[in-house]
Amino acid sequence: MYNKVYEKKEFIIFQVKNGYIAYNTKKAFKDGHTHMKCFKSAKTVIDLVIRKKVPRSTDLYYLTSLIRLSEDLSYINKIEELIKYREENIKMKKYSNNKIKILKRSV
């Protein structure tokens with residue numbers, strides 16, 4: 001198996017070839033693990049889940065990792081709402097950028 005490098009409550013971090021795996025032992029492995037490139041990120045994602053904190057500025061992969069590790073449905077719902085909000089903002093930015101490009105071409 002992999003080398004366990006960190007353990008906190010029900011969470012474990014394994015070192016693998018290309019990074020680290022954070023795993024919630026209370027969940028099935030396929031549903032309760034996530035891959036991270038660096039140890040600090042894996043440790044931070046575990047701390048956020050334990051404290052049920054919602055990060056302000058992270059990418060969608062990181063937010064999905066929080067969902068995969070958490071068992072708290074209200075915390076998962078908060079993260080899902082944030083993901084939905086960010087995806088809508090991305091769509092709006094793409095739309096407004098395309099609109100600006102079209103206006104510039106016609107001038």
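What you are looking at is a predicted structure, and each value in this text was computed from that prediction instead of being measured.
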J.: Does a side-chain heavy-atom distance below 4.5 Å link Tyr62 with Thr34?
T.: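 Sidechains of Thr34 and Tyr62: no contact.
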J.: If you measure from CD1 on Ile13 to CG on Asn3, what distance do you get to the nearest 0.5 Å?
T.: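 Reported to 0.5 Å precision, the distance equals 13.5 Å.
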J.: Please report the C-alpha distance between Ile21 and Phe29 in whole Å, then the side-chain angles of each, then the deciding distance to 0.1 Å, and finally whether the side-chain contact (heavy atoms from CB on, under 4.5 Å) criterion is met.
T.: CA-CA 11 Å; Ile21 294 177; Phe29 185 79; 4.3 Å; yes
J.: Checking side-chain contact (heavy atoms from CB on, under 4.5 Å) for the pair Met36/Thr44: CA distance, chi angles, key distance, verdict?
T.: CA-CA 10 Å; Met36 294 291 177; Thr44 303; over 6 Å; no
J.: Which pair of heavy atoms, one from Pro55 and one from Leu82, lies closest together, and at what distance?
T.: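 Distance-wise, the nearest heavy atoms are O-CD2, 3.7 Å.
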J.: With sequence neighbours excluded, what pairs up with Ile12 under the side chain to side chain contact (heavy atoms under 4.5 Å, CB included) test?
T.: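 Per chain and number, Ile12 pairs via side chain to side chain contact (heavy atoms under 4.5 Å, CB included) with Lys4, Glu7, Phe14, Thr25.
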J.: Can you name the closest pair of heavy atoms from Lys30 and Arg68 and give their distance?
T.: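 Minimum heavy-atom separation between Lys30 and Arg68: O-NH2, 2.7 Å.
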J.: Might you point out which heavy atoms bring Leu69 and Phe11 nearest each other, and give the distance in Å?
T.: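 The pair with the smallest heavy-atom distance is O-CE2, 3.6 Å.
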J.: Below 4.5 Å, heavy atoms only, C-beta onward: do Lys8 and Asp47 meet side chain to side chain?
T.: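 The answer is yes; the side chains approach within 4.5 Å.
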J.: Kindly assign one of parallel, tilted or perpendicular to the pair His33 and His35, based on the angle between their ring planes and the thresholds 30° and 60°.
T.: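 Judged by the thresholds at 30° and 60°, the geometry between His33 and His35 is perpendicular.
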J.: List the atom of Cys38, the atom of Tyr20, and the distance in Å for their closest heavy-atom pair.
T.: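 That closest heavy-atom pairing would be C-CD1, 3.5 Å.
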J.: Give, for atom NZ of Lys84 and atom CG of Asn77, the distance between the pair rounded to the nearest 0.5 Å.
T.: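 It is 10.5 Å, given to the nearest 0.5 Å.
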J.: Quick check: closest heavy atoms across Tyr75 and Leu48, and the distance to 0.1 Å?
T.: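 Tyr75 and Leu48 have their closest heavy atoms at OH-O, 3.6 Å.
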J.: How many angstroms lie between OH in Tyr61 and CG in Leu66, if you round to the nearest 0.5 Å?
T.: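 It is 11.0 Å, given to the nearest 0.5 Å.
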J.: If I take atom CD1 from residue Ile79 and atom CG from residue Leu60, how far apart are they, to the nearest 0.5 angstrom?
T.: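 That separation rounds to 11.5 Å.
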J.: Determine the minimum heavy-atom distance between Ala22 and Val45, stating which atoms define it.
T.: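 It is CB-CG1, 4.3 Å.
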J.: Report the C-alpha separation of Asn24 and Val49 in whole Å, then their side-chain angles, then the decisive distance to 0.1 Å, and conclude whether the side-chain contact (heavy atoms from CB on, under 4.5 Å) test is met.
T.: CA-CA 10 Å; Asn24 182 346; Val49 170; 5.8 Å; no
J.: Would you confirm whether Lys26, through its side chain, and Ser70, through its main-chain N or O, come within 3.5 Å as a donor-acceptor pair?
T.: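 Such a contact is absent between Lys26 side chain and Ser70 backbone.
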J.: How far does CD1 of Ile67 sit from CD of Glu80, to the nearest 0.5 angstrom?
T.: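 Nearest 0.5 Å value for the CD1-CD distance: 4.5 Å.
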J.: If you count the non-hydrogen atoms of other residues, nucleotides and ligands that lie under 6.0 Å from NZ in Lys78, is the total more than 12?
T.: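 Open.
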